[in-house]
Amino acid sequence: MSSAKLDMEKLVALCRRRGFIFQSSEIYGGINGFWDYGPMGVELKKNIKDVWWNDMVRNPPPGPDGQEITMVGVDCSLIMNPRVWEASGHVGGFSDPMIDCKTEGCKGRFRADQLKSTPCPLKPSKCAGEFEKCQLTEPRVFNLMFKTYVGALEDASAVAYLRPETAQGIFANFKNVSDSSRVKLPFGIAQIGKAFRNEINPRNYTFRSREFEQMEIEFFCHPDESMKWYQYWRDVRKNWYSTLGLNSDRVLPREQGKEELAHYSIGTTDIEYMFPFSDEPQELEGVAHRGAYDLTQHMTHSGKDLAYFDELAWQKADKSVYGGDKKKEQAAKQSPPYKFVPHVIEPSAGADRFTLAVLCEAYHEDKVADASGKQEERVVMRFHPRLAPVKAAIFPLVNKDGMPEIAERLYRELKRDFNVQYDDGGAIGRRYRRQDEIGTPYCITIDGDTVCGGSVTIRDRDTLEQRRVQLSDVVGEIRKMVK
RNA sequence: GCGGGUGUAGCUUAAUGGUAAAGCCCCUGCCUUCCAAGCAGGAUACGUGGGUUCGAUUCCCAUCACCCGCUCCA
């Protein structure tokens with residue numbers, strides 16, 4: 001985004017024009033709170049998810065003491081046994097009873113539990129509902145979980161929910177993963193996937209959607225070390241955004257106040273971003289210290305033992321204190337510090353929200369001199385090369401003199417490793433501008449010198465500068481530049 | 001959920017109770033040796049559903065979507 005505040009309508013128009021984001025079911029008039037990614041959008045979002053997976057799961061940064069950290073992934077079903085959501089608290093608590101006032105001129109909406117402390121909009125000296133004219137509705141519950149039915153019978157026993165977060169799939173599989181993959185505490189389990197929340201009022205383009213994708217980590221650690229890991233993940237996650245092109249002045253970590261915290265959370269930091277549609281920073285990710293809450297809940301509700309046994313600590317322990325009493329030894333093995341419920345640090349990021357932030361940040365308008373030297377407006381998406389949907393475009397300068405043949409050969413070579421485009425349509429300047437609008441970082445042009453001397457030009461999206469590179473070096477150059 | 005606004009082609013904008021116009025974009029061909037050039041063709045629109053009417057894109061009603069402001073966001 002340029003220094004002037006980006007007009008969201010311009011971004012929305014570009015996203016539609018160039019195939020980043022469409023309204024869902026548009027030919028039927030759309031549906032509120034749902035969005036589709038087009039050919040460019042899917043590449044962008046896929047790159048974002050791949051980069052996250054690579055940087056957090058396959059090759060995470062060293063831990064707080066410089067150690068290697070262990071991360072594994074899962075991919076869980078969207079629909080789970082509904083008891084999961086009772087254990088997590090979503091069935092009981094994922095809703096707020098609301099009361100509307102039907103009084104002419106008021107039409108207020110209040111949370112039922114805060115009615116007695118909310119001033120009446122018409123008569124602020126009284127509280128909502130105390131004024132003679134107030135016509136309050138019965139409290140209505142807005143449960144934010146999408147309901148569905150499993151199997152053919154639509155009765156109460158078949159009710160299930162589309163998951164409102166991917167996290168519970170990880171908690172429910174904690175024992176499976178620790179039993180099957182030789183991981184030792186501390187370790188993290190990661191998941192990328194869709195989640196669904198029946199938001200009362202979707203707003204701000206894709207920012208608050210009813211169907212969205214999360215990139216979540218549940219990092220399990222010893223309770224004594226949890227604060228260290230909480231700080232580690234808070235810093236790692238904040239910095240990650242800046243390495244991918246978000247201006248660090250606009251990425252703002254915010255420690256939640258005590259009154260804001262969910263009752264089970266020991267601490268939560270929201271990583272917020274200054275989106276152009278709001279004067280307030282908006283949440284991209286929440287890094288929450290959830291203590292032992294989730295595993296304990298699932299232990300209680302499932303009846304399964306999800307505590308962790310620290311084999312290493314037990315092996316090192318001085319067993320002589322039990323004096324050979326097997327019963328005492330057994331009891332010790334079943335209790336801290338050898339057996340305990342791990343604490344959890346949860347960095348939970350919104351893939352669509354980050355995609356939107358990347359789009360906002362990338363949008364620039366600048367001036368470029370045309371063939372006659374006149375300054376022309378240009379729209380350019382300045383994506384980080386790792387995220388750019390198209391890494392390079394290949395142009396024959398003119399469609400003759402052997403140039404198309406060389407260009408096509410180069411295109412076929414490059415597309416084995418990168419998403420690239422071939423374009424021989426219209427004037428060369430027009431082709432550059434088309435690539436600028438989808439944020440292609442490099443344009444490779446085959447010209448007369450390629451035919452004679454074997455070199456091509458590589459044009460940089462941001463500086464507009466061209467440099468000549470030997471045809472045989474192009475693949476290596478592009479590989480180096482999009483890392 | 002409430003109030004206000006908007007809805008004609010991919011975009012920007014016309015006109016009209018009786019065949020919907022243009023520029024840009026896009027496609028095809030010609031031309032073209034580096035930043036939206038030129039020439040010739042071509043495709044594409046009245047958000048949806050009712051009503052009034054001989055006839056509705058136009059008037060009326062409803063609905064949907066988007067934008068702004070409230071409300072909400074475990």
Side-chain angles (χ1 to χ4, degrees), chain A residues 7-10 12-19 22-35 85 88-96 98-111 114 118 121 128 137 140 142-145 164-165 197-205 207-210 260-265 277 282-283 286 367-380 395-401 403 424-437 443-452 456-459 461 464-466 468:
Chain A
D7 179 355
M8 282 303 287
E9 294 203 12
K10 285 184 174 181
V12 172
L14 178 131
C15 284
R16 172 176 168 61
R17 182 167 75 245
R18 291 300 183 186
F22 307 123
Q23 206 181 351
S24 170
S25 346
E26 195 188 70
I27 60 170
Y28 289 99
I31 176 166
N32 194 332
F34 298 90
W35 300 90
W85 308 111
S88 70
H90 286 85
V91 170
F94 196 48
S95 60
D96 289 314
M98 303 296 299
I99 292 177
D100 289 328
C101 180
K102 291 195 172 306
T103 306
E104 203 53 45
C106 176
K107 306 281 188 187
R109 168 175 288 178
F110 317 100
R111 271 172 66 160
Q114 294 174 357
T118 309
T137 62
R140 283 185 286 182
F142 293 87
N143 192 298
L144 297 186
M145 278 199 295
E165 61 177 30
R197 297 180 192 182
N198 210 348
E199 298 287 354
I200 296 168
N201 193 357
R203 272 291 164 93
N204 293 324
Y205 203 25
F207 183 80
R208 176 165 293 119
S209 300
R210 291 181 164 135
E260 257 183 294
L261 288 177
H263 63 278
Y264 49 77
S265 181
F277 54 72
Q282 303 286 327
E283 184 181 348
K367 298 259 202 257
V368 173
D370 69 7
S372 61
K374 207 175 79 194
Q375 294 290 308
E376 295 279 356
E377 279 262 321
R378 172 177 84 134
V379 172
V380 55
F395 309 146
L397 184 58
V398 288
N399 290 312
K400 58 181 186 184
D401 299 340
M403 294 178 203
D424 61 1
I428 188 84
R430 179 182 301 272
R431 289 181 250 166
Y432 284 139
R433 298 297 177 82
R434 273 200 284 258
Q435 296 300 326
D436 290 340
E437 284 210 339
C443 291
I444 303 160
T445 300
I446 305 315
D447 62 9
D449 289 359
T450 318
V451 179
C452 303
V456 303
T457 61
I458 300 182
R459 176 259 201 187
R461 174 195 68 201
L464 304 178
E465 277 164 18
Q466 290 176 293
R468 296 207 77 94

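Note that the structure is a prediction, hence the values are computed from the model and not measured.
Atom-to-atom, CZ of A:Arg459 to P of B:rU33 comes out at 20 Å; the value is rounded to the nearest Å. Protein atom CD of A:Glu9 is 8 Å distant from nucleotide atom P of B:rC67, rounded to whole Å. Distance A:Trp85 CH2 to B:rA74 C1': 13 Å, rounded to the nearest Å. B:rC68 atom P lies 13 Å from atom CZ of A:Phe207, rounded to whole Å. Rounding to whole angstrom units, CD1 of residue A:Ile27 and P of B:rG10 are separated by 13 Å. Summarising the geometry, the separation between CZ on A:Phe395 and P on B:rU33 is reported as 17 Å, rounded to the nearest angstrom.
When the side-chain nitrogen and oxygen atoms of A:Arg433 are compared with OP1 and OP2 of B:rA36, one or more of them lie within a distance under 4.0 Å. Here A:Asn32 reaches the OP1 or OP2 of B:rC66: one of its side-chain N or O atoms lies under 4.0 Å away. In this model, the phosphate group of B:rC25 is approached by a side-chain N or O of A:Arg430 to a distance below 4.0 Å at OP1 or OP2.
Looking at A:Arg433, its side chain never comes within 3.5 Å of a backbone N or O of A:Arg378 through a donor-acceptor pair.
B:rC54 and B:rG18 make up a base pair, with Watson-Crick or G-U wobble contacts both under 3.5 Å. B:rG41 is paired with B:rC27 under the Watson-Crick or G-U wobble criterion, all donor-acceptor distances under 3.5 Å. Within the shown strands, B:rA62 is the pairing partner of B:rU48 under the Watson-Crick or G-U definition, both distances less than 3.5 Å. Under the Watson-Crick or G-U wobble criterion, with both distances below 3.5 Å, B:rG3 is paired with B:rC68.
Comparing A:Arg17 and A:Pro202 by the nucleotide of RNA chain B whose heavy atom lies nearest to each, the residue mapping closer to the 5' end is A:Arg17.
Contacts of A:Met403 with the nucleic acid, taken as non-hydrogen atoms under 4.0 Å apart, include base atoms. Among the atoms of the strands shown, none is found under 4.0 Å from any heavy atom of A:Phe22. As judged by a 4.0 angstrom heavy-atom cut-off over every strand, A:Arg434 is placed among residues touching the sugar-phosphate backbone only. When heavy atoms are screened at a 4.0 angstrom cut-off, A:Asp447 is found touching base atoms of the nucleic acid. If you check every strand for non-hydrogen atoms under 4.0 Å, A:Gln23 touches sugar and phosphate atoms only. Note on A:Asp401: a base of the nucleic acid sits closer than 4.0 angstrom, heavy atoms only. Using a 4.0 Å heavy-atom distance criterion, A:Glu283 is classed as making no nucleic acid contact. Residue A:Arg16 is in sugar-phosphate contact alone, with no base atom involved, counting any heavy-atom pair closer than 4.0 Å across all strands shown.
Using P as the reference atom, B:rC68 and B:rA56 are 36 Å apart when rounded to the nearest Å. A gap of 22 Å separates the C1' atoms of B:rC35 and B:rC27, to the nearest Å.
The nucleotide whose nearest atom lies closest to any side-chain atom of A:Arg18 is, among B:rA74, B:rC35, B:rA36, B:rA36.
Taking the six-membered ring wherever Trp is involved, the centroid distance between the rings of A:Phe277 and A:Tyr205 does not fall below 6.0 Å.
Counting distance only, with no hydrogens placed and no angle test, the side-chain atoms of A:Tyr432 and the base atoms of B:rC34 include a donor-acceptor pair under 3.5 Å.
Minimum heavy-atom separation, A:Leu261 to A:Ser265: CD1-O, 3.8 Å.
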